[in-house]
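Please read these numbers as outputs of a predicted model, since none were measured by experiment.
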Amino acid sequence: MKIVLKQTLTPEYKKNSAASSTAALLSSPHYLSPSTIAISVFLSMPNEIDTSTLVKEILANPKKTLYVPRVGSNFDLNNMEMVQVASEEVLLSWPKNRWSIPEPPPSATSIIASPSTLDLIVVPGAAFDKQNNRLGHGRGYYDRYIASLTKRPILLGLAFGCQVVDSVPCEQYDEKLDDVYYSY
């Protein structure tokens, strides 16, 4: 999948897809619900759909609180926590991890989401299907994290249209999404 995405997605397609998918998510009942306050969003790797506009919109909304994933320095542990983001400036000051994603360093004093904090999580994926299943990037970070929560949040995917296929392989531990937002 990575090879196809690298070879076929033009900068214009990426920009238009991100704008359309983000607009659909921001106007969705899931996002607009008054009970949706604490929102976690993945920060995009270079070949993923760009979440920067979504991040900025959440940070600009005084009724929403943004959280982003922190994997930490030991990627082999396959664990993750969600860290509250105070501002775009703070987010941009964080060092980039091995995936070129800004990530709060372990030494940063940050508010960590408790197992019942999050109302909505926007998850990444290599592929999604029309039944809202997700094929992740193979490490299980999100599936394990979601399974550890005491309150199940709304789970949304954000994708390029070419990432949505008829079906993706699923295992018993894969977390099904509530919806996937994409454009063609």
Would you say [X]'s side chain and [Y]'s backbone share a donor-acceptor pair under 3.5 angstrom?
X	Y	result
Gln84	Thr65	no
Ser116	Thr150	no
Ser20	Asn16	no
Ser17	Phe160	no
Ser21	Leu158	no
Lys64	Tyr31	yes

Problem set entry | Those residues that, when tested against Glu88, pass side-chain hydrogen bond (donor to acceptor under 3.5 Å, both in side chains) (two or more places apart) | none
Problem set entry | Set of ring pair (Phe, Tyr, Trp, His ring centres under 6.0 Å) partners for Tyr182, sequence neighbours left out | Tyr184
Kindly write out the residues that satisfy salt bridge (charged side-chain N to carboxylate O under 4.0 Å, His left out) with [X], not counting sequence neighbours, or none if the list is empty.
X	result
Asp119	Lys151
Lys63	none
Asp143	Arg134

Exercise. Say you draw a straight line from CE of Met82 to CD1 of Ile39; how long is it, rounded to the nearest 0.5 Å?
Worked result: 13.0 Å
Exercise. Quick check: are there more than 12 heavy atoms from other residues, nucleotides or ligands sitting under 6.0 Å from CD1 of Ile111?
Worked result: no
Problem set entry | Residue pairs involving residues 158-184 (criterion salt bridge (Lys or Arg N to Asp or Glu O under 4.0 Å); sequence neighbours excluded) | Lys130-Asp166, Arg152-Asp178
Exercise. Does a donor on one side chain sit under 3.5 Å from an acceptor on the other, for Glu12 and Thr10?
Worked result: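 Glu12 vs Thr10: no donor-acceptor pair found between side chains.
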Problem set entry | Worked verdict on Glu103 versus Leu43 for side-chain contact (heavy atoms from CB on, under 4.5 Å) | CA-CA 9 Å; Glu103 185 173 72; Leu43 299 177; over 6 Å; no
